[in-house]
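Just the heavy atoms: all of them, side chains too, but no hydrogens, waters or symmetry mates, feed the values below. Bear in mind that the values here come from a model prediction, so they are computed numbers and not experimental data.
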Amino acid sequence: MTNSCVGRVPMLRCTIQSAAALLAGGVLLASTLTASAQQSGDQKPPEQAQGEQKPDDQKAAEQAKAEQQAQQKAIDEYKEAAEKLTSSAGAPECVWTGRRIESLLWRDDIDTARRYIDLYDRFGCSSEHLKLAFRCIIQQGPIDPKAADKLASRVHNCWIAPEEATTASTQATTGATTKDGTIPN
């Protein structure tokens, strides 16, 4: 049976079907053209794309550079400890755990520090060096709790040379006394 468009009702039916098919085709074509235009609008010419970077790309590059510098600094600190400390305290595992113990003790986190001390002892690290470094940190006086970088710097310096840092802080403290003999805050 064929579908003919002869007569009034069949002619109306054919017109509606044709209009619907044209409408669907138009919508499909319009969406394809819109998507194509958006994709080509986002792309820049090659010479323009190379000349300027997006702010997100710059931030990512700066962040990657900062992370790389932090990693290099950590590596250099471990090398410095190995060169300056002849005892087991210069071993990377001793430096890593020892500095964490010092920081935890300074922040009064005794329970966590005790767990790290067990690990420190298991590595065969020098318990005497741990005592000397903590004494050095304490003798230099208080640190602002919000200044984590200052604590890390002090811990590192005291870990590398506990006697030198203590001597330097003692000299600075002695020179900073007031006329009545008290140490200013």
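Considering every non-hydrogen atom in both Gly124 and Ser88, the closest pair reads O-OG, 3.3 Å. For the pair Val95 and Ala81, the tightest heavy-atom approach, listed with the atom from each and the gap, is CG2-CB, 3.6 Å. In this structure, Pro142 and Arg154 approach most closely via the heavy-atom pair O-NH2, 3.8 Å.
The shortest distance between side-chain heavy atoms of Glu128 and Leu132 falls below 4.5 Å. Contact of the Cys158 side chain with the Gln140 side chain is registered, since non-hydrogen atoms from C-beta on lie closer than 4.5 Å. Within the 4.5 Å cutoff, no side-chain heavy atoms of Val155 are placed close to those of Arg100. The shortest side-chain heavy-atom distance between Pro162 and His129 falls under the 4.5 Å cut-off. Using a 4.5 Å heavy-atom threshold, the side chains of Phe123 and Leu119 count as touching.
Qualifying side-chain contact (heavy atoms from CB on, under 4.5 Å) partners for Asp109, counting only residues two or more places apart in sequence or in other chains: Leu104, Thr112.
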Given Ser126 and Leu130, is the side chain to side chain contact (heavy atoms under 4.5 Å, CB included) satisfied, shown in steps?
-> CA-CA 7 Å; Ser126 168; Leu130 193 65; over 6 Å; no
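In this structure, the separation between CZ on Arg114 and CD1 on Ile117 is 7.5 Å, given to the nearest 0.5 Å. Interatomic distance, CG of Asp144 versus CG of Asp149, reported as 9.5 Å (0.5 Å rounding). To the nearest 0.5 angstrom, Leu151 atom CG is 7.5 Å from Trp106 atom CH2. Here the CD1 atom belonging to Ile101 is positioned 12.0 Å from the CZ atom belonging to Arg115, to the nearest 0.5 angstrom.
In this structure a side-chain-to-backbone donor-acceptor pair under 3.5 Å is present from Trp159 to Ala89. Remark: the backbone N or O of Phe134 is paired with a side-chain donor or acceptor of Glu102 at under 3.5 angstrom.
Applying the side-chain hydrogen bond (donor to acceptor under 3.5 Å, both in side chains) test to residues at least two apart or on different chains, the pairs with a partner in residues 70-81 are Gln72-Asp76, Glu77-Arg99, Glu80-Lys84, Glu80-His156.
Ile75 and Ile160 sit in two unconnected hydrophobic clusters of ILVMFWY residues. Membership requires side-chain heavy atoms under 4.5 Å apart, directly or through other members.
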